[in-house]
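Notes to accompany the following structure.
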Amino acid sequence: DAGVIQSPRHEVTEMGQEVTLRCKPISGHDYLFWYRQTMMRGLELLIYFNNNVPIDDSGMPEDRFSAKMPNASFSTLKIQPSEPRDSAVYFCASSLGLAEFTGELFFGEGSRLTVL
Amino acid sequence: RKEVEQDPGPFNVPEGATVAFNCTYSNSASQSFFWYRQDCRKEPKLLMSVYSSGNEDGRFTAQLNRASQYISLLIRDSKLSDSATYLCVVWQGGKLIFGQGTELSVKP
């Protein structure tokens, strides 16, 4: 079975450029999460969606970040303009239900972003 | 204070050793607790849930102390393949909050 699919796996860009990360959740999952992982801050929740609707975006660092989920099988996280401090691994995860009791999020392999 | 705090590690142990990881959480209203495992340059994966009465899965034992807001993970008879980062996770405020993880390295 296909898991969560993210692209690109690696991206190197220059400061000021627009970056778009993509995610395809597991079919049938109704929750989608975007996390960012750095050595300094660990794994931070940026935003999550339920049935394509953004529920909590309190973790989005600033207006340079935006996320969309136009349909149940696709989501994007966009950074415009990018800055060196945005360098991190960005994970997308999906779950069936809110995972309050199962705790089970299925993560993609991540998109490793380097902003020079 | 961080919402979920863990021993930073790294823990370097020989094969066969028993190793314990600790985690504390800040919100006494938290209801659900979990341990995730993350291999180097891979995605996190759920290892096990943590129940109030404590629970075991093979060589892994998880315990919860609500009064102290403390969670632990014990690994017995550690294997080389246990080398990874172990993330303490708490359901809090309607979402899963991850600790920064404790790195374990099991040596031959």
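Protein chains get the first letters and strands the later ones, always in sequence-line order, with residue 1 at the start of each.
Interface remark: A:F33 contributes no atoms to any contact with chain B (heavy atom separation under 4.5 Å). A:R112 touches chain B through its side chain: at least one heavy atom from C-beta onward sits under 4.5 Å away, while N, CA, C and O do not. For A:I55, no part sits under 4.5 Å from any heavy atom of chain B, backbone or side chain. For A:L43, the parts lying near chain B are the backbone and the side chain together; criterion is any non-hydrogen pair under 4.5 Å. Using a 4.5 Å cut-off between heavy atoms, A:Y48 contacts chain B through its side chain alone, with no backbone atom that close. Neither the backbone nor the side chain of B:F33 comes within contact range of chain A, judged by heavy atoms closer than 4.5 Å. Contacts between A:E44 and chain B at a heavy-atom distance below 4.5 Å are absent for every atom of the residue.
Annotation: B:Q63, atom CD; neighbour count of heavy atoms from other residues, nucleotides and ligands within 6.0 Å does not exceed 12.
Using a 4.5 Å cut-off on side-chain heavy atoms (C-beta onward), B:P44 and A:F91 make contact.
In terms of heavy atoms, A:M40 sits closest to B:Q100 at O-NE2, 2.9 Å. Here the closest non-hydrogen pair linking B:F34 and A:E100 is CZ-O, 3.5 Å.
Of the inter-residue distances, the one linking B:L46 atom CG with A:S95 atom OG reads 11.5 Å to the nearest 0.5 angstrom. Rounded to the nearest 0.5 Å, atoms NZ (B:K95) and OH (A:Y35) are 9.0 Å apart.
The most heavy-atom pairs under 4.5 Å with chain B, out of A:G108, A:G110, A:G103, come from A:G103.
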